[in-house]
**Q** 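I have a structure here, written as structure tokens, and I will follow up with some questions on it.
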Amino acid sequence: MTAPAAAPLSDKTASRVASVEELRIHFDTKAGRLHAVDGVSFDIFDGESLGLVGETGCGKSVTARSFLRLIPVPPGTYAGGRIHFWSKEARQTGGSPVDLLQVPASQMRDIRGNRIAMIFQDPGKALNPALSIREQVAEVFYQHRSEDLLDGWNGTPPRPIRRAAGQRSGKLEWLAFKVPPLRSPARRLRKRVDDLVGDALAETQIPNPRKIMTSYPHELSGGMKQRVMIAQALACNPDLLIADEPTTALDVTIQARIMELIRELQLRHQTSVLYISHDLSLVRRICDRIAVMYAGRIAEIGQTRHVFHDPLHPYTRGLLAAIPSLAHQRGELAVIDGTVPELIDPQPACRFHTRCSYATDLCGRLDPPLVARPGLRPVACHGYASPDELGVAADQLPRLDRDAP
Amino acid sequence: MRTRTNRFSRFHLLLIVAVVLSLVAAACSSDDSTETSAPSATTAPSSDTTAPSTDTTAPSTDTTAPPDDDVNNPGVYVHAADDDPLSLDPAGVAAGEAGETIILQTYDRLVEIGPGGPDLIPGLSTAVPTVENGGISADGLTYTFPIREGVTFHDGSTLTADVVKFSWDRALEMDLPEGNSSILADLVDSTSVDGNNFVVTLKDRNAAFLNSVVTAAVASIVSQEGVEANGGVVAGQPNEFFSSDVIGSGPYTLGAWNRGENIQLDVFDDYWGEPAKLDVRIEQVPDDDVRTLGLRAGDFDSIETDPTFVTDIEGAEGVTIFAEGWLLEPVHIGLNLDIREDLLPDGDTVPADFFHDPRVRRAFNYAFNYDNFVEGGLSGQGGVVPHYLPQGMLAYDDSLPRFETDLAEAERLFTEAGWWDDGFEMTVLVEEGGIFEVAGLVLKDSLESLNPNFRINVAAVVEVQFDDAHAAVPFEYATWIKNADPFADPAALFAAYIHPDGEWGDVHKFRNGYQDADGIAALIEEAAVSVDTDRRVEIYQELTQLLFDDPMWVIPGNEKALMAHRSWVQNFTMNPLWPRPSLKFALFDK
Amino acid sequence: MQIREYIIRRVMILPLILVGTSLIVFTLGRVGGNPIAIYLEHEMTPDEVAQIEERYGLNDSLPEQYFAWAGGVLRGDLGYSGVLAAPVMDVLPKRLAATLELSVASAIVAVSLGIALGTFAGARRNRLPDHLTRVFAISGAATPIFWFAIVLLIIFWVNLGWFPVGRSEPEIFESISHPTGVYTLDALLAGSFTAFRDAIWHLILPAVTLGYGATAIITRMMRSSLAEELNEDYVDAARAKGLPERLVLRRHARRNALIPTVTVIGLGFGFLLQGSVVVEIIFIWPGMGRWMADAVLRGDQATIMAYVLFTSILFLVVNLVVDVVYAYLDRRVVLGS
Amino acid sequence: MVEAAARRPPASSPSGPLAIRVRRFGEITKEVLRNPTTTIGLVIIASLLLMALMAPIITEANTPDAYQMPRDWGAINEPPGTPGHLLGTTSTGGDVLYGVVWGARTSLRLSVIVVGITMVVGTIMGSIAGFIGGKVDEIIMRLVDVLLAIPELIFALAIAAVLGPSFGNIIFALTVVFWVKYARIIRGQIIHVKHNEYVDSARVIGDSKLNIYRKDVLPNSVTPVVVQATLDMGNIVLVAATLSFIGLAEAGLAEWGVLVSEGQAGISAGRWWASTIPGAMVFLWALAFNLFGDGLRDVLDPRTEGR
């Protein structure tokens with residue numbers, strides 16, 4: 001496979017928050033090696049919201065999780081590539097990025113939840129059923145803001161309190177917090193945390209946050225739970241928020257409200273967002289740019305309106321045709337024939353060629369790289385290549401009808 | 001990430017590994033004290049098997065051992081027993097039951113069996129009645145006991161001849177079925193008080209009266225005040241208080257009876273004789289192995305010992321095995337002359353008259369491998385017994401005829417009786433575990449190796465099943481194995497086990513087999529009432545000869561009196577005529 | 001409300017089970033053995049035997065005898081224990097306390113060891129530490145307890161002299177009163193550290209022996225439920241917050257994995273009760289198990305009946321408590337479904 | 001994807017053509033053998049079974065009853081390595097090697113018979129309870145509750161004590177105690193299937209009860225029953241050994257538990273072999289079947305843990 005151009009894949013010149021290069025993530029399965037993510041590259045710019053769209057199983061969630069290195073190893077392996085990340089400081093001082101796949105575990109922990117936060121698909125599953133909302137949100141503050149928690153203390157706080165603020169308390173220390181002399185400092189710490197948790201919850205427009213704090217996840221509605229997740233994710237004002245299908249598990253009526261909330265908070269906090277979804281119409285409403293993913297590859301990437309108005313990749317076209325809209329007549333909804341190919345030990349070929357109506361022999365032999373060609377957004381399709389580029393006859397290239405989305 | 005070890009669990013694993021390793025290490029290094037476990041029984045203090053215990057009148061002691069500062073449980077003697085009493089009431093305790101030993105330590109009797117053998121010593125009677133001292137009337141029917149003065153009971157009341165009479169009358173009146181009062185009732189015609197003397201008149205002359213009756217637990221003297229304050233005497237009804245408590249005059253008072261755990265005996269300071277030196281705790285330890293371990297650990301001063309585990313203790317540091325004298329309760333195999341074929345276990349093929357033929361009974365006696373039982377089952381701590389006089393018993397003599405394994409003779413007898421070719425199958429009933437099961441296995445091996453057509457099945461059942469079957473009439477098995485009840489005098493032994501109309505003669509229908517049942521009966525009866533010891537010896541020795549030709553039992557062997565104890569126990573002695581564990585704790589020190 | 005109804009329903013079944021078990025055991029005892037065999041001596045005359053039978057009410061018909069027994073139970077009279085030579089009700093509380101103390105101590109050993117091992121293994125599924133842990137835990141259940149116990153005694157009692165047998169030193173036993181019969185508790189009530197240490201010291205060996213046997217059940221449950229929990233989203237969510245793995249495992253995964261583990265504690269209790277028979281015999285622990293074994297071997301029916309009665313109740317109570325605790329821990333669960 | 005990688009085989013075996021089952025059997029075998037502890041268990045089981053089956057070849061069978069220990073009264077408490085007594089002898093001159101080898105056969109006989117009978121009895125009782133339901137179900141399940149409320153060992157102890165400790169009676173006692181779990185499994189499965197929609201549809205189509213039973217209940221019950229049977233194979237030998245310790249064993253039987261309790265007292269006297277070797281055999285037997293059953297349960301039945 002040829003390496004794609006390292007040039008910026010966007011028309012924007014804003015500074016980047018993250019840059020994914022040639023990311024490859026494999027899984028060992030009984031059947032063989034599964035190439036879940038197979039050479040994915042894209043950038044996320046400061047303050048933008050990027051939508052990563054694709055069918056279930058195309059590798060978008062794996063890509064998202066790999067930002068926080070949440071892929072279980074084994075069976076997974078980070079088989080190649082880099083994820084560069086610029087923290088706020090690095091961006092301001094022009095410093096060099098860190099590679100999220102290489103940083104030591106301790107530094108990774110500093111980044112998780114602090115610089116990069118994540119919202120999970122199903123808030124019902126992503127919240128621990130055994131812990132109260134307060135405990136779960138507070139963890140973020142303890143973990144990343146332990147210095148703040150001890151702000152305004154007269155002199156150095158007692159050692160057990162410092163340990164408590166850093167979540168390093170021993171097994172029986174909580175007993176000591178129930179009795180003097182540690183009782184009042186412990187209360188003070190607790191109150192400070194409560195305030196922070198309350199504020200974070202309030203920001204997500206949760207009514208009566210003090211009451212919600214004491215409840216357990218199963219006592220809350222789905223929307224409420226997702227708000228808690230959002231509050232928890234934005235608590236430390238991260239540079240990048242990864243939202244992994246945040247509304248899929250919710251009622252349709254709630255979905256829009258949550259989307260709006262994320263959008264609003266994003267603007268307020270100037271946070272970049274990587275938005276994972278299988279739902280193009282949802283993404284269209286809140287994302288600045290869209291990357292379409294198919295079978296472990298990026299098919300095309302570009303400004304939202306461009307992708308919608310002029311889909312380049314045959315797969316994108318198929319996806320858009322499958323969106324129900326008022327314009328469609330009943331029964332006219334298009335479907336893409338065929339099924340997603342096996343990702344186990346894939347051959348060098350266009351992943352989409354078995355389902356593509358434009359496919360030629362070439363597509364079955366040669367893997368199209370994601371390239372930005374003059375006048376075009378980056379797209380991974382031989383249909384946009386010149387015969388010279390590939391060294392083949394012109395009639396071997398697929399012919400795409402640019403005007404028929 | 002996920003693969004990271006967490007310190008907490010790693011610590012736990014380390015801890016577990018450490019514990020396991022230390023266990024293994026300790027186990028490997030634990031055998032150093034026991035390397036010298038040569039398979040022989042010679043380390044036990046030897047006793048001359050030819051000398052009956054009647055000769056060893058002096059108490060055997062370990063006085064050479066200096067008082068050890070390192071003794072465990074100083075001031076308390078700890079004995080590990082395997083059986084808890086059912087009752088502590090002299091009137092309610094059965095012969096051979098665990099309550100007897102408590103009664104022995106806490107009550108006194110008129111005369112006692114001395115520490116050295118069958119010889120009697122004065123108890124609450126200041127003299128052992130004899131014809132010579134006038135205590136026994138010339139006709140042998142009246143016994144006079146001069147009662148000791150200045151004896152106080154545990155409750156502070158004083159002993160008088162009236163109290164003695166009260167005690168005996170109490171047992172007779174209560175007449176508890178589980179108790180042993182029948183031995184009094186069978187012999188005693190009347191009791192009376194004459195001044196300071198207690199006088200007993202017998203129904204018949206009886207040679208064993210002093211040895212078997214006056215010294216028995218049922219003849220213990222209880223505090224009259226104590227009885228009257230605690231429910232009095234009710235015929236046929238056990239007394240609740242005395243079933244679980246003691247008011248006697250013995251060297252010990254009952255400290256506590258934690259049922260199933262331990263019994264504590266405290267030294268009685270106002271004892272009339274030599275006071276006891278150590279308090280006593282009798283621990284209930286149901287598992288044999290744990291008893292031997294406790295002895296090794298030093299937490300027990302003596303343990304209920306069985307010959308089968310002599311090899312497990314001998315050579316252990318700080319432990320001595322007392323092995324002098326003999327038990328008076330040989331292991332015997334009962335031969336049922338009253339077989340009910342329909343009651344026999346499945347597979348048994350022996351007919352009702354199987355044992356009627358003396359040749360068959362003799363053949364069993366010749367076939368049994370005595371060496372295997374004595375050397376294997378009894379670890380060499382035993383000997384073969386003439387019919388039916390165990391070592392240590394009056395009239396016993398090494399020259400008396402006894403069976404030896406003789407396979408040719410067994411074959412000849414089985415052939416003559418007509419069993420050799422067809423063979424037979426038979427079940428022998430034993431209680432599981434211990435030497436009885438071993439005896440059963442030896443019997444099985446003896447007969448099955450003699451002739452493959454012979455099949456012996458050993459039915460080793462639990463205690464309740466054995467007791468139940470053992471008490472059933474008619475007896476439901478062709479053979480069974482147990483030991484004899486310990487009797488001090490051959491009269492009782494012959495009455496129970498040899499007399500054609502005796503206890504077992506009746507059950508097993510000895511009359512079906514004896515060639516001269518009446519002759520044997522006459523001899524036994526004569527010896528029972530004779531007061532002429534020489535004549536009695538003569539009769540019993542004659543009987544052993546008769547029984548050699550016409551045996552009613554197979555007697556695998558008799559055990560030596562054995563007790564393993566810590567070497568730090570001073571003045572250790574035991575007397576098999578005392579109820580199990582045959583110890584008088586008041587004699588010991590450590 | 002929900003829980004109360006559930007408890008009531010379960011408790012309602014109890015008398016049914018008790019009647020059933022007592023009937024079975026009663027019949028078994030009468031069909032196969034003689035309840036007064038313990039008193040029988042060979043030389044007793046039939047008259048004497050009849051006298052004893054009458055004393056224990058054995059002359060009545062079987063149903064009459066059963067109802068007499070059941071009536072006694074309702075009045076709090078469980079009959080007379082032959083092997084302990086005392087009314088059952090006199091000795092039962094102490095014995096029950098002894099067995100409960102041992103069971104609880106063993107359960108503490110089993111649960112803490114099982115949870116530690118299960119957590120350890122569950123976090124390392126299908127790797128060498130997991131396999132070793134599995135073998136170690138199952139070894140506990142596969143070792144013949146009586147053999148293991150004797151080996152422990154030889155090492156720690158005879159050779160090293162570190163641990164005693166029995167329940168307490170007699171002098172220390174006498175130094176405090178025993179209102180509950182649970183010696184550790186009594187020592188605490190009396191405020192005697194010596195007595196407490198003594199009680200604990202006597203408990204360690206039997207509790208370890210018995211607890212090790214029950215460890216496998218808990219380890220297995222803990223391991224699989226932890227492994228299951230580790231696949232849950234909230235674990236990733238906790239990691240995504242930046243929590244160290246230690247907290248992810250302890251505060252998040254383990255806490256939830258404990259919930260299903262609670263359900264097997266009831267199962268483990270059956271194992272403990274059964275193992276207590278052997279352990280009590282060997283460690284000279286005067287509890288229900290040893291009493292029961294003795295009673296079975298010597299045909300003491302009143303004791304057997306009482307034992308079965310109380311184990312049935314215990315069993316039910318333990319399972320009930322487990323269910324309720326489970327419902328309490330897992331706030332998502334509705335009882336009785 | 002993650003989910004795909006973590007996917008496990010379905011919890012219950014599908015009822016289908018033989019070919020599918022055979023293939024599934026192959027898959028299961030492969031999966032079972034993937035776990036080293038299960039493999040170890042299997043290897044130990046295989047060697048023990050081999051030993052049991054080859055018993056007459058390894059040692060000369062005792063006559064007339066090969067399951068009885070041969071006793072050499074002239075060679076008591078001999079240590080291992082004694083000529084003619086490779087593993088030493090017991091305190092009654094029993095050959096430890098013979099006891100070990102024929103003890104395996106005794107254990108095999110015991111556990112196979114008990115497991116076989118209990119499986120059949122349990123299946124019948126469970127089926128009756130599950131299918132007939134109502135009062136019959138109530139009665140049977142209360143009986144099951146009753147039996148579950150008394151610990152196995154205690155109940156077996158009581159029965160064996162009453163009947164007398166012969167090999168046959170021990171088998172009977174264990175059978176009475178061990179059938180309960182199978183009844184519960186089968187009944188649970190029936191109730192489960194009864195409430196499943198696809199059976200409703202089958203019933204609508206007019207399938208007979210027997211057919212439902214054959215096609216839906218039995219195949220679905222195979223897994224838990226097999227797991228339970230494997231675990232029981234180990235536990236039965238353990239319980240029998242414990243009964244022997246308490247004193248309920250046929251006299252002179254070549255059985256590991258008998259040897260262990262007989263030889264225990266000798267350990268502290270340095271005669272470790274008479275109890276340690278047979279003890280190790282009981283341990284190995286129980287360990288192997290438990291390891292194997294545990295692994296089998298992991299593979300076959302990842303959901304029903306510990307029940």
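Each chain gets a letter, A, B and so on, in the order the sequences are listed, and its residues count up from 1.
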**Q** If you compare all heavy atoms of A:R109 against all heavy atoms of C:P244, which two are closest, and at what distance to 0.1 Å?
**A**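 In terms of heavy atoms, the two residues are closest at CD-CA, 3.3 Å.
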**Q** Verify the distance criterion only: is there a donor paired with an acceptor across the side chains of A:Q136 and C:H252 at less than 3.5 Å?
**A** no
**Q** Rounded to the nearest 0.5 Å, what separation is found between the CG atom of C:D233 and the CG atom of A:N128?
**A** 12.0 Å
**Q** Which atom pair, heavy atoms only, marks the closest approach of A:H144 to C:G242?
**A**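 Smallest interatomic distance, heavy atoms only, reads NE2-CA, 4.0 Å.
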**Q** If you tally heavy-atom pairs under 4.5 Å against chain C, which of A:K125, A:E139, A:M118 wins?
**A**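 Most pairs with chain C among the choices: A:E139.
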**Q** Can you tell me how far CG of A:L127 sits from CD of C:E232, rounded to the nearest 0.5 angstrom?
**A** 12.0 Å
**Q** At their closest point, which heavy atom of C:A237 faces which heavy atom of A:A126, and how far apart are they?
**A** CB-O, 3.3 Å
**Q** With rounding to the nearest 0.5 angstrom, report the CZ to CZ distance, A:R65 to C:R239.
**A** 10.0 Å
**Q** By a 4.5 Å heavy-atom criterion (distance strictly below it), what part of C:L243 contacts chain A: side chain, backbone, both, or neither?
**A** both
**Q** Mind checking whether A:P129 and C:Y234 have side chains closer than 4.5 Å, heavy atoms only?
**A**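 A side-chain contact exists here, since the closest heavy-atom pair is under 4.5 Å.
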**Q** Once you round to the nearest 0.5 Å, how far does NZ of C:K241 lie from OH of A:Y142?
**A** 12.5 Å
